[in-house]
Amino acid sequence: MEIARFSRIGFILAAAGSAVGLGNIWKFPYVTGENGGGAFVLIYLLTVVLIGFSIMLAEILMGYLGRQDTVTAFEKLAPKNKGAWKFAGFQSFTGLTIMSFYSVVVGWIFHYVVTSFSALPSTVAEAEASFMSMLQTDALTQIFYHTLAFIFITFIIVKGVKKGIENLNLVLMPTLMLILLGLFFYATTMDAFAQAVDFMFNPKWEKVNSHTFITAIGHAFFTLSLGMGAIMTYSASLEKDSSLVKSAFWVIFLDTTIAIVAGLTLFTFLYQYDSHPAQGPGLVFISLPAAFYAMGAIGNIIAVLFFSALAFAGVTSSVSIVEPMVQYFIDRFKWSRLKAALAMGSFFYLLGLVAILSNIEGFKDVLTFGSKNLFDWLDFVTASILLPVAGVAVSIFVGFVMDKQKIEAVLKPQLGSAFEAWYFSLRYIAPIGLFIVMLSLVGII
Ligand code: PFF
């Protein structure tokens, strides 16, 4: 159990460091591109407001009251059936599965930091060819950088979460935001900006199907770091008497703003350079380098800074993805931090190797199951199924199982008359909404 405590601002930074990551800048633009733009963005934003906030606050509350790993938090806070409820705490295991592909993408970004020092691709087509050749033929480069990501992330976790993360976030979050804002203002001066706004905010309902809903909702969970105990684990170290509501608000506000700014910027560059938004996971690596090239000599410097900041955003999120399971083994089995971090690290590292191979020509066929290869399955199953299912567990647990008086004692002074609205949304809107979407997934509706 960590004895050190997060101050409120320290917690917001750590939680925002967890939420703001590859999900905002790598994933959001490309899933938006693949799902036709406006309608997808609208469903995602509605999920964030109607469901994300309720569950974020519920997770922060559970961590704050539970004070330990997720399994212990469920066990401790359940008035009865403790033995059964503790299984809901194993949602943290999802993190190791997410980490397998997340670490690979952090690795790609490390690679782009390095290549940004030399000649940038002069056209989007050239950028696409070079990304695709890395993805589909160059297993060694990917394994090298995935290994580097694994070492880096595990090292930070071994050193203990609190201080390292707080210091790292303090420098890197503002750096990332500054670069992103700079790029955004640059994008607003381009003709294609209007087209990007139209693509992102003008819903084309004919493109919507149940898959769009599931992906948008899954993405809302993924980007807010909900449904696997990351936020819960951080809030276990939150100082007494902190405002949980303000913390939840700030994390969500920062995360959503950054995603929208990143999306508008990337799509503007793509349209400006005659490319299209449905590029898949390579989008950020394809749209940006060509834009950096067009800036001339300064482009290299901005590229290096941008990819470095993005790498660190990915690393701070990675730490929060692995930490819940590490905390679990420390709390429940009295493992040393070193042992727990190495064991969890090895798991995601090895699964990550297979994820890399599933994109490589020659291995792809054996590692493709139905419509997706392993890499895409890991992403889809974790984000679209496991995180929302765990979100339902949290909402039912806090909404129906936990003692209401205990919840009121903490949150009523902070929420005032909005308390009942939050409680209602947690009990009914979140689980019913998510349940209907889950049903459509299995084809029942
Ligand atoms: N929210 C992170 C991102 O957007 O990149 C990813 C993430 C972190 C997912 C922590 C889940 C989690 F528990």
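Computed from a predicted structure; not experimentally measured. As the structure lists them, so they are numbered: ligands from 1, and atoms in each ligand from 1.
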Would you say [atom1] of [X] has more than 12 non-hydrogen atoms from neighbouring residues, nucleotides or ligands within 6.0 angstrom?
X	atom1	value
F400	CZ	yes
K82	NZ	yes
W250	CH2	no

Identity and separation of the nearest protein heavy atom to [atom]:
atom	value
atom 8 (C) of ligand 1	S225 OG, 3.2 Å
atom 2 (C) of ligand 1	S18 O, 3.2 Å
atom 5 (O) of ligand 1	Y102 OH, 2.4 Å
atom 6 (C) of ligand 1	F222 O, 3.6 Å

Please confirm whether K339 makes a cation-pi placement over F329, using NZ or CZ under 6.0 Å from the six-membered ring centre and within 45° of the ring normal.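 So K339 doesn't make the cation-pi contact.
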Verify whether the ring centers belonging to [X] and [Y] lie closer than 6.0 Å.
X	Y	result
Y328	F90	yes
F11	Y64	no
W108	F101	no
F28	Y44	yes

Going by distance only, is there an N or O of [X] that falls short of 3.5 Å from an N or O of ligand 1?
X	result
M228	no
L22	yes
A19	yes
D255	no

Any idea which atoms of ligand 1 are less than 4.0 Å away from a heavy-atom of [X]?
X	result
T223	1 (N), 4 (O)
I321	7 (C), 8 (C), 10 (C), 12 (C)
G23	3 (C), 4 (O), 5 (O)

